[in-house]
Every structure is written in structure tokens, then in C-alpha cells.
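The sequence lines fix the lettering, A, B, ..., with proteins before strands; numbering per chain opens at 1.
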Amino acid sequence: MDQFLQHLVNAMVLGGAYALLGIGLTLIFGIMNVVNFTHGALYTFGAYAMFIASTALGLNFFVALPFSIVAGLALGAAIELTLLRPLRGADIDTTMLVMIGAGIILQSGTLWIFGGVAKAIPSPFPDAPLTLGSVSISWLRLFVLVAAAALIALAYAMINGTRLGRAMRATFQDSDAAALMGVNVRFIYTATFALGSSLAAAAGALLGPVYVVFPQMGDLAAVKAFAIVILGGLGSITGAALGGFILALAEEFGAGYVSSGYRDAMGFLIIIAVLLAKPTGLFARAERVG
Amino acid sequence: MLEIRNLECGYGPVSALKGVSLDVGKGELVALIGANGAGKSTTLRAISGLVKARAGTIRFEGQDITGVDPAEVLAAGIAHCPEGRRVFPYMSVADNLAMGAYLRRDPIRVREDFDRVYSDFPRLAERRRQAAGTLSGGEQQMLAIGRALMSRPKLVMFDEPSLGLAPRIVEQTLGIISGIRDAGATVLLVEQNAFAALEICDHAYLIETGRVVKRGTGADLLADPNVREAYLGG
Amino acid sequence: MTRYLPPAILVVLALLPLVLKDPYLLNALITGGIFTIGAISLNLLLGYTGQLSLGHIAFFGIGAYASALTTLGFDIGIFGDFRIVHEGWHPFAGFIVAILLSGACGYVVGRLSFRVRGAYFVIVTICFAEVVRLVALNWVELTQGPLALTAIPQMKIGFPGLGEITLRTKAQNYYLMLAVAALAYVVVARLVSSRFGRAMRGLKENEQLAISVGVNATRTLTVAAAISAAIAGAAGSIYAHYFRIIDPDVFLFTYTVTMVIMVVSGGKGALAGPVIGGLIFGTLPVALRPYMAPEAQWIVYGAVLIAILFLMPRGIAPYLDDWFASRRRAPARAPVAQPQLEGQP
Amino acid sequence: EDAIKIGVNQPLTGAFAASGSYVVNGAKIAADEINAKGGVLGKKIQLVVEDNKSNPTEAAAVAEKLITSDKTPVMMGAWGSSLTLAVLPKLEEYEIPMLVETSSSGKITTSGNPFVFRISPPSALEAEAFAPMVEKLGVKKVDFLVINNDWGRGAAVDFGKMLKGKGVQVGLTETMDAGAQDMSAQLAKIKGTDSDTLMITAAVDQLTLVFKQMAAMGVKKRVVTTGGSQNPDQILAQAGSAADKTMHLTTFLPWSPEKTPDPKATAYFLGEWKNRGYPFAGSTESFRGYDGIRTIAAAIEKAGSTDPKAIQKAFWDVSFIGLNGPIAFVKAGPEGKESGQSKPGVYLIEIADGAIGEVKL
Amino acid sequence: MSANAAPILSVDHVGVRFGGLVAIADLHFDVREGEILSLIGPNGAGKTTAFNVVTGFLKPTQGEVRLRGTSLSGLSPNRINRLGLARTFQRTSVFPNDTVTDNVLIGLHREDRGASLLEAIFNLPRERAGEAARREKARALIDWVGLSARANERAGALSYGEQRLVGVALALATEPSMLLLDEPVSGMNASETQNFVRLIRSVRDRGVTILLVEHDMPMVMEVSDRIVALNHGKLIADGTPDEIRADPAVIEAYLGKSAAAREAEREAAHA
Ligand SMILES: Nc1ncnc2c1ncn2[C@@H]1O[C@H](COP(=O)(O)OP(=O)(O)OP(=O)(O)O)[C@@H](O)[C@H]1O
Ligand SMILES: Nc1ncnc2c1ncn2[C@@H]1O[C@H](COP(=O)(O)OP(=O)(O)OP(=O)(O)O)[C@@H](O)[C@H]1O
Ligand SMILES: CC(C)C[C@H](N)C(=O)O
Ligand SMILES: [Mg+2]
Ligand SMILES: [Mg+2]
């Protein structure tokens with residue numbers, strides 16, 4: 001029972017991290033329909049930004065965090081302006097490949113600049129965990145969970161509740177029609193990509209201190225993020241959040257009660273099972289025939 | 001109010017408009033008729049900035065709007081209800097209408113316009129929360145018309161608004177369109193249902209393969225035997 | 001026009017070992033060629049049915065393991081005392097088993113995963129590949145897990161009347177690769193120009209319409225997936241017998257990405273696409289190696305990729321086709337822009 | 001032009017980039033030292049360093065290039081076991097010897113490849129060295145948490161065997177994927193067992209994560225890590241108090257150069273390492289490159305020629321004191337095709353109160 | 001064409017719901033062999049939904065559809081097509097990147113003369129014979145809908161009306177015994193509509209039964225043998241064009257008073 005509770009707590013904490021990974025990608029992949037292979041690189045970027053801010057620049061943790069998010073926003077905007085804008089209207093696979101190219105460049109650049117050695121970001125939270133009975137949870141991870149929840153709520157409100165969010169959704173469903181409604185389509189493209197990138201960077205900045213920071217940290221994160229977004233249903237922020245928790249539960253209990261060697265396999269099997277049962281993800285968009 | 005001179009447009013190597021000139025006066029309802037592929041939709045797209053003019057000028061209320069972005073054309077007061085409905089499929093009916101009022105900053109009057117659209121098309125009111133892409137073809141058409149009206153334009157351009165609508169709704173829609181004119185706004189109407197368009201318009205242009213070949217009052221064109229032969233089914 | 005490119009390339013490549021004696025370059029060509037075969041098979045799915053399989057390496061890996069295990073033999077416990085014992089067979093039997101088993105896996109995966117399309121298909125294939133990798137890693141009794149299968153015998157091929165040869169030299173392996181690549185190319189070429197290919201294209205362009213005119217979507221896509229997987233399995237088999245060692249790293253995601261790069265940069269849905277892409281991205285790393293730091297090599301690799309797509313967004317082969325066409329009959333006839341279709345939900 | 005070429009096949013990009021680069025840097029120190037002293041056989045030695053991208057197919061291709069294009073008569077490589085294993089068939093094909101500096105898979109020296117000479121310990125050797133310490137530490141029951149590859153799994157098997165032989169109970173064996181960052185599920189399971197000791201085999205980054213996550217979950221057991229890739233300084237810097245009281249089996253003692261088998265050499269190496277501006281923490285990885293090249297140079301010297309065959313034979317006669325003990329090869333693997341395995345020293349160190357010291361037993 | 005021919009298609013008490021929304025409620029009608037039957041009704045009445053049920057794109061929540069007595073329940077759209085039902089879509093529907101000829105060839109893809117997949121791959125004689133026959137058929141069909149001049153154009157570059165004709169040719173390529181057309185003349189002007197009417201008639205004369213959904217009342221009245229009217233997913237009238245035109249329920253729900261009046265006026269003008 002104790003072990004079960006600890007697994008449950010772990011899964012919640014991990015789920016928060018996964019949800020965080022997912023929401024940035026839902027914007028870019030789920031809403032913009034760009035298969036964003038730079039997601040992992042942007043996540044890594046956020047973590048390194050946090051590292052620089054809190055070590056080289058000596059910023060306070062809670063100042064470094066927004067700094068990194070803004071840095072991600074800027075990098076995202078730059079990528080959109082230089083790589084995606086000229087390719088507007090190109091095939092989805094073409095943009096995907098350009099994103100792969102950009103991802104390779106970013107990752108190798110990071111390796112070149114920072115070397116391959118993992119870096120640790122100091123955290124302002126006590127090392128000793130919060131212990132409730134037999135269950136322990138680290139303060140830092142608790143903070144990440146809360147921050148993840150806040151970012152998810154923010155992203156949700158922004159996409160579903162604001163004029164800008166509505167314009168974003170409209171633009172990627174029919175950009176000509178959106179232009180006819182008075183939407184500055186070019187700005188929306190840049191803004192959406194930048195926003196998704198800043199969320200990816202936020203994930204990196206928050207999870208960097210939890211884990212360690214190294215150039216390839218984004219690879220696994222990106223695969224999981226894709227899985228989470230699709231599990232939740234394209235373009236659904238609630239879906240991405242829920243998908244993150246489902247994946248975390250599957251992995252945690254798969255490793256705990258089946259076999260740790262098949263830990264990741266559990267997650268992937270759940271995804272396969274969900275998609276076979278509900279081929280459009282948990283939060284499907286309504287479609288019709290004819 | 002709207003003056004177009006020698007407008008030329010195309011798609012890649014295809015030249016769709018080969019020098020179109022037309023005038024729409026304030027408060028008028030002007031119809032544009034012509035065969036499939038004549039260039040009617042292209043004319044509207046050029047006005048709203050979706051396709052760029054290769055030559056010629058478009059002036060609206062004395063101001064040159066040639067080559068201006070769609071958003072600015074709308075801001076200047078021209079709304080365009082495009083061919084083929086073009087609703088936002090994954091957004092609700094209400095959100096689609098809200099998009100129509102995207103540039104407006106007068107929430108109270110926007111509310112009124114919501115109510116007006118809902119009372120014009122009660123079916124939309126029933127389906128406020130339904131994803132637009134799952135509406136029936138005609139329901140989507142109603143939504144597209146309602147959405148265009150949400151911006152309170154000075155000039156509305158309708159591209160085949162009756163497409164896919166049931167006869168009773170066609171009737172009603174044409175009524176709404178004349179109503180817009182009667183309320184003081186200006187209308188540029190493209191219709192395949194030339195008969196109906198010519199009946200309600202003040203004057204009309206006939207376009208063939210990218211050129212204006214005839215202009216006159218609706219009654220003139222209705223009476224023209226060539227027009228009857230080609231566009232009204234004899 | 002680029003239709004004639006692959007046969008021309010084939011002739012050049014066939015003559016290459018006669019002049020090119022550097023085993024390192026030959027090795028690079030063999031490795032690049034093996035992944036090009038994978039790319040040719042991926043093109044069948046991505047280019048002609050429009051379905052991106054980002055788990056394509058799974059079939060390659062399954063082929064590699066199947067071929068190696070068929071040749072090496074194994075002894076595994078299933079449940080209780082029940083064991084399956086297999087004595088090693090001839091490597092060529094391994095090659096055949098690889099093709100059949102990969103094809104069968106492709107069939108099953110296709111059958112299951114073609115219930116979903118687009119992005120959902122992509123992720124199901126990624127998940128499948130990961131699960132297969134984890135099985136290869138954890139089923140130590142069969143696969144030796146991370147300990148790797150070593151000492152895989154070299155491929156042997158029997159020619160009627162000529163006896164049997166073991167492919168020991170680079171050149172021999174090179175010709176094997178080339179022969180399989182040519183065969184894969186021909187199979188894909190024939191398939192896509194047949195009525196099955198037409199059905200695939202129909203599904204890609206407008207699935208609802210295709211179904212409404214009687215195209216059996218599941219069957220068509222499944223057949224494509226099975227053939228594609230079988231070809232990838234053949235490539236995996238060559239890989240196993242050439243490198244003579246495989247471990248779960250054959251399922252590296254990077255390998256799938258390599259194949260996707262070959263297909264899309266060369267031009268998906270063009271027969272010559274993966275061949276051209278394979279030649280470029282198979283040899284680029286070798287070409288860059290002497291000139292710069294490893295990180296810089298990757299940066300250039302990424303930049304070349306982006307540059308190709310900026311200049312030729314549909315890939316090289318379609319671009320060359322247009323170019324040839326425009327040279328043949330001036331004035332140039334640029335591709336017609338897509339007419340505005342109705343906003344599809 | 002007249003230099004003696006030595007091929008170096010290391011991961012400089014990809015997952016293992018950090019470690020591979022350290023090994024290369026260590027190798028360069030050795031090469032420069034040797035050349036400064038006049039080289040080998042009167043010629044300078046020249047390292048031909050190639051990146052295997054942490055990818056086995058590339059590792060084999062790199063070997064092919066080094067052998068056939070660069071004509072290196074002897075090589076060093078290829079860090080990870082998967083990478084090294086992929087190179088083995090090339091050695092046989094071209095009959096070129098290779099010194100293995102880091103890999104620990106048993107299979108490397110037991111598969112009957114007479115061109116392999118290894119200076120890193122396979123886990124069986126480590127376990128053997130650890131055996132005498134088990135009782136002194138008072139170990140009763142052990143759980144394993146190992147990286148899910150041949151290195152980790154091999155360690156669990158070899159240490160398990162040794163422990164059982166000593167009457168120590170073996171509990172869980174949990175694995176983690178090479179790239180995994182979150183081990184909390186495994187740790188939750190381990191937290192619930194009655195074992196007193198947890199043996200962990202993983203590289204430094206994963207160890208850091210494991211320690212942090214153990215602290216976060218309140219897992220309190222004696223921890224002993226194995227594998228020689230722990231890099232205690234980095235752990236200390238990055239895991240902080242979470243790493244307190246952890247013990248590590250290591251093959252190098254840069255913290256107390258005076259206690260190493262060849263204090264002068266260690267001091268020289270560490271001095272050079274520092275002069276070149278490399279982080280101290282890297283030395284636990286880089287000393288293998290340093291020793292590796294010194295071993296190769298010794299073999300060439302002994303062979304008296306740069307003929308690969310001669311070098312291969314000469315490896316058997318190499319004998320000198322490396323940074324972690326005597327380097328001399330003994331036969332391993334099937335008869336007639338034995339590979340060479342050197343037996344380095346293994347030390348147990350402990351991180352306590354922010355300092356690293358040898359465990360006194 | 002005779003009024004009492006056996007039903008080719010029976011829609012038997014079919015109902016469809018989307019969540020809480022009843023799109024079709026207990027719909028029941030027959031289509032007789034060889035007739036042109038029109039299905040009319042206000043927007044959202046459920047006409048397209050009925051098409052989707054008949055052609056297998058939607059599973060009904062209740063009831064079943066029978067083709068010549070065989071239940072179509074549970075059959076996939078492509079199976080239903082093989083049984084002889086072909087349809088067009090309300091939205092323009094072609095394979096935009098293929099030529100007109102290739103479009104039609106896709107419709108002919110099952111015309112295989114028994115050649116197998118392997119024969120196709122290796123281009124064996126049987127496959128080649130089949131391919132030649134297919135091309136000939138495609139040519140004839142394209143000719144027949146009047147698109148010969150554009151046979152080698154990309155279908156996506158054709159005008160709206162021409163694309164509709166491609167859609168019909170494509171549907172006919174599957175050699176259906178019954179053709180379902182969803183708003184085929186919307187977006188066509190009056191004279192184009194006239195051409196289309198002639199085409200529909202000649203299709204029927206080839207022995208193909210036609211079920212038509214269309215809001216163009218003059219066209220419907222002119223071409224139909226019989227009309228069924230729908231409102232809110234229920235049948236509200238069934239009869240000849242003249243009966244329907246005069247039906248108060250249909251006028252109230254669908255035609256609208258003035259439309260009906262104008263319709264009569266135009267009929268008069270025609271006469
Ligand atoms: N996106 C496009 N790409 C290429 N050609 C186009 C495109 N859109 C329209 N055209 C061509 O431009 C010409 C004018 O088309 P337009 O859509 O303006 O005609 P229209 O008068 O609106 O016809 P319809 O009544 O069918 O809507 C036609 O020849 C058409 O084929
Ligand atoms: N997938 C769906 N989800 C929810 N509602 C749907 C869906 N498909 C159709 N509907 C609703 O069912 C009703 C019937 O739609 P249908 O498309 O059959 O109408 P129709 O008679 O063809 O209308 P039209 O003449 O406008 O084309 C409509 O009110 C529509 O909004
Ligand atoms: C780091 C080393 C001690 C072991 C290496 N990781 C291997 O795979 O063998
Ligand atoms: Mg038009
Ligand atoms: Mg309909």
C-alpha cells in the first residue's frame with residue numbers, strides 16, 4: 001500500500017512534467033499543424049537559458065524562470081520568421097524536414113558551445129523532501145507541478161478564452177477566411193509558434209533543475225511530447241494535460257508492477273491501445289462526412 | 001464608393017481578369033453575373049486583397065486599396081463572404097460569428113448583432129455550440145452569411161450566397177441582402193442564380209472570361225435575349 | 001524525366017567498384033545503400049499512400065534480427081519446460097525469413113494502425129518501433145539483449161551451376177546491396193504504376209472519395225505496408241550479414257529520420273526521390289568528415305537539408321522533372337497553383 | 001608525414017559526447033607527452049581522431065576509415081560496449097589490433113577476437129575486487145538498479161554471482177533505459193524492500209538523477225555504485241547533499257594522487273589536465289585515454305615496427321604501471337583466439353560531507 | 001421507369017443521432033428500379049445524412065437499408081459500392097492532383113480481369129490486357145460526360161462545374177446500378193444546369209437508377225419521376241413533382257410561398 005501510494009504520488013509529479021512537455025507542442029503541432037521537430041531543441045534551449053541565467057548571470061531562480069521563457073519566445077519567433085514563413089503553403093512533410101534540420105543544428109550548436117557534460121541548475125528549495133507518512137515528494141517537484149498546472153490553465157484560457165486565441169484557432173483552420181475576418185495572419189503564425197516555443201522552453205526551464213541539463217535532453221522529451229499530444233487529441237490543451245498524466249501513470253505502474261525493463265513500453269502500449277479504441281485521441285475534434 | 005479600373009489578376013500562368021472596370025455607388029446593390037470561371041470570384045478576391053492585382057487600381061471611398069492586406073481592407077469597411085462557405089470547421093457557431101466581429105471594439109453593439117444574426121437564422125441559434133464543420137451544407141452557408149454581417153461593413157461582398165440553400169431560405173437571404181442595402185450599406189453580389197440577382201439589384205455587370213461585357217440595370221439585363229439565353233436557361 | 005535517372009545511376013554504380021578501390025568509401029556506399037533501400041520502401045508509404053511511418057526502422061530491425069537468428073539458431077523457453085530450439089540455417093534462408101517476417105509484421109501493424117491516419121498513424125508506428133526495441137533489449141534469451149548478436153555469418157548465395165559463394169569482400173556485398181536496391185526499386189515502381197498504385201494515390205488525395213468508388217482502404221494500405229515492410233526487412237537482413245553484429249541499437253530513431261530525410265529531400269512520391277536523397281545524405285557525412293569538427297559536420301548536414309528544401313520544397317526529383325519539362329517545351333509551364341477548394345472540415 | 005598514426009574511435013557527438021571527448025583529451029595529453037620525449041621508434045605519434053556519433057553503425061564505419069584510408073596500424077576505441085562490439089568484426093577482417101579503453105561488456109574479451117586488448121575492467125573483475133570488502137561493510141541483502149544495457153545487466157549478473165557466493169542475499173534487479181531521466185518508479189519499488197544496500201551501475205548523469213530522486217523519495221540505503229564511470233566530483237557538484245554517504249567503486253584516484261600506483265605520472269597527468277583548462281571532474285574518464293595511448297605506444301615500442309601483426313603480438317609483452325595500476329594483459333576467451341585483458345586496480349571511495357575519500361575498511 | 005417496379009433500394013425506418021441531435025428520425029422510403037427520385041427538404045433536414053447511411057459512411061442508430069433485398073448493415077462503403085451503389089459528394093470531390101483520365105482510372109481500379117497483385121507488380125500479360133481495357137473504358141466515359149478536351153488536365157485545375165462532371169464520370173466508372181447525387185448542380189448557372197439534366201437523363205437511360213438531392217427546384221421538378229420531401233429528419237411528403245409542388249407542408253417547410261409562386265410563374269413563361 002505504501003508503495004502504491006508512493007507510485008501514485010510519483011505519477012502525479014511525473015504527469016505534471018509530461019503535461020508541461022505536451023502543451024507547447026499542442027499549439028505548434030496540434031493547432032498549427034507543423035510537425036515540430038525542434039520541440040526537443042527548444043526544451044533543451046529553455047533549460048540552458050535557465051542554466052545561464054541562474055549561474056553565469058547569477059539571477060534568482062524566480063527571475064531566471066521568466067527570463068528563460070522569454071528567451072524561448074524570442075527563439076521561436078526567430079525560427080518562424082526565418083524558416084517557416086518562407087515555406088508557408090509547403091507540404092507538411094517539407095516543413096517537418098526543415099524542422100528536423102533546425103533541430104539538428106540547434107542540438108549540435110548546443111553541444112559545440114556547452115560541451116556534452118551535463119549541467120545542474122541549483123534549486124532554491126530545500127533538499128529534504130516533504131514527507132507525509134510513508135510518502136515523500138520533493139519541494140522542487142511540487143513547485144513544478146503547481147507551475148505546470150498554472151501554465152496549462154493559462155494556455156487553456158488564452159486559446160479558448162481570448163480574442164487572440166480565437167484568431168489563432170481560426171487562422172490554422174482556414175487562413176484565407178481568417179484574413180477576411182481582419183486577422184493579421186502573418187502575425188498569428190509568428191505569435192503561435194513563439195508561444196508554443198516559449199512553453200517548450202518553460203518546460204525545459206522548470207524540468208532542468210529537476211533533472212540535469214545536457215544537449216540531448218530534448219530527444220526523449222520530444223518523443224514523449226508527441227505521444228502525449230496525440231494521445232490527448234490534436235489541438236486540445238485539456239487532452240495534452242490528461243495525456244501527460246495517463247502516460248505517467250502507465251509508466252509508473254508499469255515499472256512498479258510489471259517490469260522496469262518494459263517501463264517505456266507500457267506507456268507506448270497504452271497509447272497504441274487508446275488509439276486503436278479511439279482513433280482520434282481522447283479529445284477528438286468533431287468531423288463529418290459528405 | 002468603390003471604383004475599379006482596368007483590374008488584371010491571375011493565378012500563376014493563368015490570367016483570370018483581363019482588365020475589369022466597375023463602379024459601385026454608395027447604397028447600391030450591384031450584381032456580378034457570368035459563367036463558371038468567368039472571373040467573378042477573382043474580382044471579389046482582388047478587392048479584399050486575397051489575390052494581388054497585377055495591374056489596375058481599386059479605390060474605396062476615394063482611398064486607394066490596391067494591394068492592401070485583407071485585414072486592412074476589412075478595417076476600411078469592406079466585408080467579403082467568400083465562395084464555398086469557408087467556415088472555421090472546428091470552431092463553434094458562436095465562435096465563428098465572433099470571428100466576424102474580430103476587429104470590432106464595441107462589445108455592446110456586437111451583442112446586438114449576434115442577436116440579429118440569430119433571429120435572421122434561427123437554425124444557427126439552435127446550434128450555437130455545434131462545431132461549424134459538422135453543420136449541413138446549407139447551415140454552413142447561413143453561418144458564412146451571418147459571419148460576414150458581424151463586422152458591420154459599409155460594403156459587403158457576397159459570393160454566391162444562395163449556394164446550397166433551400167428555396168425558402170434563398171428567398172429570405174435575398175430579402176436580408178436587399179435589407180442591408182435598404183439600411184444604407186452597399187452590396188456587391190455574385191450569383192449563379194442570375195434570375196434572382198437581377199431582380200433585386202440596382203444595376204449589374206456581366207463578366208465573360210475576365211472582361212466586363214455588359215452593364216445595365218437589372219431589368220435591362222433580364223430583358224436582354226443573349227443574357228436570357230446564356231444565363232437564365234432561355 | 002528523372003525516371004531515367006535511376007537506371008543511369010544504376011549503371012554508374014555498378015561500374016563503380018571497378019574503379020573505386022578504397023574499401024572505406026565502398027563501405028560507406030554499402031551502408032548508405034542499405035538505408036537507401038529502407039528509404040525506397042518508406043517512399044511507398046509516405047510518397048504514395050501519404051502515410052508517414054516514423055517507426056519504419058522497426059521492420060528493418062525485425063528483418064535484421066530474423067535473418068541473424070535464423071542463421072545463428074536459438075534456444076528459448078516459452079513456458080514451463082516447453083522450449084523452441086532452432087538450429088542455424090543457411091544465411092539465404094535468413095534473408096527470405098527476414099522478408100517474410102517483416103512483411104507479416106508490416107501486414108499486422110498496417111491492419112491495426114490503419115484504423116488511424118495522419119498524425120495518429122505516425123505515433124502508432126513510433127510506439128510500435130519502441131516496443132519492438134524494448135522487446136529486443138529485454139528478451140535476452142532470444143536476442144541476447146544488449147549483449148548483441150555477434151558472429152553473424154556472412155551472406156551466401158548459390159547460383160545454379162556455379163555453386164555457392166560467400167560474400168566476403170566489400171565488392172561482393174556491394175553488388176548484393178545494389179541488386180536488392182534495384183529489385184526494390186522495380187517492385188515499387190511497378191506497384192505504384194499498377195491499379196493498386198492508383199488506388200493508393202486516390203486514398204492519399206481524397207480518401208472519402210476513393211472509398212466511395214470502391215477502393216478498399218484497409219486492404220490497399222495494408223498491402224502497401226506489408227510490401228514496404230518486407231523491403232525494409234530485406235535491407236535489415238543485408239545489414240545484419242554485412243556488419244555481422246546487431247544489438248537493439250539497430251532500432252535507433254535516428255535511422256528512421258535518416259530514411260525520412262532521404263525520401264523527402266529527394267522527393268517523396270517520385271521513384272527517383274529516395275535514390276537521389278540516398279546518394280546525397282548517404283555520402284554527405286563521409287564527404288564532410290575530413291573537413292571540420294564533428295559538431296560542425298552536423299550543423300552543415302542540417303543546413304544542407306534546409307537549403308535543399310528552401311530551393312526545392314517538393315524535393316529534388318520533382319524539381320528536376322519540372323526543369324527538364326520546361327527546357328523541352330519553352331515557354332515554361334509552371335505548375336498550376338492549387339485552386340481554392342472549399343474549406344474542408 | 002613520417003609520424004606513426006594511431007586511430008581513435010570515440011563518441012564526440014550524440015548521447016556519449018561528453019565522455020568520448022574526455023577520453024580524446026586524455027589521449028592527446030599522452031601523445032604530446034610521448035612526442036615531447038622524442039616519440040616512439042624515433043618517430044612522432046599522431047592521433048587520428050574520428051567521431052562515431054554514439055552510433056554502432058558509425059563506429060564500424062569509422063574503424064573501416066581509420067584502417068583503410070588512414071592506414072592506422074593500431075586503434076583505440078570505442079568507449080561504449082555497443083560501439084566496441086560493432087567494431088570487432090572489422091578488426092578480424094583487417095587484422096588490426098585495438099585497445100579498448102572504457103567498455104565493460106564481458107563479451108568483448110570472451111568472443112574469441114585476438115585483436116582486442118582491454119584495460120578497462122569488465123564487471124566480473126570489478127566484482128572480484130569488491131568481494132573482500134563485502135563482509136567488512138556488513139552487507140546482508142542487496143538490490144540492483146542498473147542501466148539496461150550489457151554493461152548494467154552484466155554488472156548485476158556478475159556482482160550477483162559474487163554476492164551469492166558470499167552468502168549475501170540478492171533482492172530486486174531493476175533496470176533503467178540508457179536515456180531515462182525519471183527513475184522514481186524503480187526507486188519506489190526499491191524503497192519498499194528490506195535490503196540494506198543498493199548497488200547501482202550507470203554513468204554519471206544518471207547517477208546524479210538517481211541520487212536526487214532517492215533523496216526526494218526518502219530512500220535510505222547504503223549505496224555502492226559500480227562501473228568506473230561515476231565521476232564523483234561531478235556527482236558531488238550536481239547532486240549535492242543527495243550524494244552524501246554514497247560509495248563508489250572506481251578505477252582511478254585523482255583525489256589523492258599520492259595514493260595512486262604511480263604518483264608521479266598521476267600528478268603529471270592531472271597537472272596537464274588542469275593546464276589545458278579541462279574540468280577536474282573529467283579526469284576520471286580521460287585517464288583511460290591517457291593510459292590507452294601510453295599502452296599502445298609501449299606496444300609499438302616493443303614491436304619495434306608499425307606492422308599491425310607485430311603490434312598485436314607486442315601487446316602481450318607490455319608491462320608498466322598505469323594511472324590505475326599495472327597494465328599487463330592476460331589471456332581471456334576461447335583458446336587459440338584469446339583477447340587480452342588487463343587487471344586494473346579497483347578502489348572504493350566515499351562521498352562524505354562534501355569531500356571524497358577512500359573508504360577505510 | 002414504371003411506377004410500380006420493384007424497389008431497388010429500401011430505406012427501412014432509419015434513424016441517426018449525433019449526440020443529442022436527431023438528424024434522421026425513422027425515415028422510410030423506397031427507390032424503384034429505373035426511376036429518378038429526388039430527395040428534398042430544408043437545410044439540415046437530413047438529406048446528406050441519409051446518403052451517408054445508404055452508402056455506408058455512417059452507421060444508423062436504428063433501422064436498416066436494403067439494396068435489392070440485401071441488407072447493407074455493417075458493410076463498408078467500398079463494399080457497398082461494389083454492390084452497385086455509387087455517389088457523389090455535396091462538396092466538389094475529385095482527386096485534385098491527378099489528371100481527369102487518372103481520376104476515372106481510379107474508379108476503374110477493380111476492373112482487373114482477374115489479375116493478381118503479383119501479376120500487377122510484374123506487369124504480366126493479364127495485367128496488361130486489363131490495363132488496356134481500363135484505359136479504353138476511361139476514354140469512353142470521359143467522352144460521354146463531354147470532358148475529352150480536358151482529359152489530360154489536372155482535375156484540380158478545372159472549373160467547378162467541370163469538376164462536378166469528373167465526379168459523375170468517376171462514380172459511373174464503378175458501373176453502379178444506382179447513382180446518388182448530392183446537390184450536383186449547385187454553383188452551376190441555368191444553362192449549365194440544362195446540360196447536366198440531359199446527362200442525368202442519359203445515365204438513367206443506361207439503366208441506372210438515380211437518387212437526387214438538390215435545392216434547384218426548377219431542375220428537380222423537371223427531371224424527377226417522383227419526389228420525397230423531408231423535414232427534421234422525417235418524411236413529410238411523397239409524390240409526383242406536381243403533387244409536391246402543391247403540397248402545403250412542403251411549401252410551408254421548404255419552398256416558401258413566393259418561391260412557389262415564382263416557380264409557377266416561370267413554368268408558365270416556359271410553356
Ligand atoms: N487558385 C486558382 N489557381 C489557378 N487558377 C484559378 C484559381 N482560382 C481560379 N482560377 C481560374 O481563374 C479563372 C476565374 O475563376 P473565378 O473563380 O474567378 O471564376 P468565377 O467567375 O467565380 O466562377 P464560378 O462561377 O465557377 O465560381 C478560372 O479560369 C479559374 O480556373
Ligand atoms: N457529424 C455531425 N455531428 C453533429 N451534427 C451533425 C453531424 N452531421 C450532421 N449533423 C447535423 O445533422 C443535421 C442533418 O444534416 P445533413 O447534412 O444531413 O443535412 P442536409 O439535409 O443534407 O442539409 P443541406 O441541404 O443543408 O445540405 C444538420 O442539422 C447537421 O447540423
Ligand atoms: C562507461 C563505461 C564504464 C562502460 C560503458 N558505458 C559501456 O557501455 O561499456
Ligand atoms: Mg466563383
Ligand atoms: Mg446536404
Novice: Looking at E:Arg17, I'd like to know if its CZ atom is crowded, meaning that more than 12 non-hydrogen atoms belonging to other residues, nucleotides or ligands lie closer than 6.0 Å.
Specialist: no
Novice: Which atoms of E:Ile40 come close to chain B, meaning under 4.5 Å heavy atom to heavy atom: side chain ones, backbone ones, both, or neither?
Specialist: neither
Novice: If you draw a 6.0 Å radius around CD in B:Glu126, do more than 12 non-hydrogen atoms from other residues or ligands fall strictly inside?
Specialist: yes
Novice: Just checking, any donor-acceptor pair under 3.5 angstrom between side chains of E:Ser186 and E:Glu214?
Specialist: no
Novice: Examine the side chains of E:Thr240 and E:Asp242 and answer whether a donor and an acceptor come within less than 3.5 Å of each other.
Specialist: no
Novice: With only heavy atoms counted, which part of E:Ala253 is less than 4.5 Å from chain B, the side chain, the backbone, both or neither?
Specialist: backbone
Novice: Below 4.5 Å from any heavy atom of chain E, which atoms of B:Glu139 appear? Answer side chain, backbone, both or neither.
Specialist: both
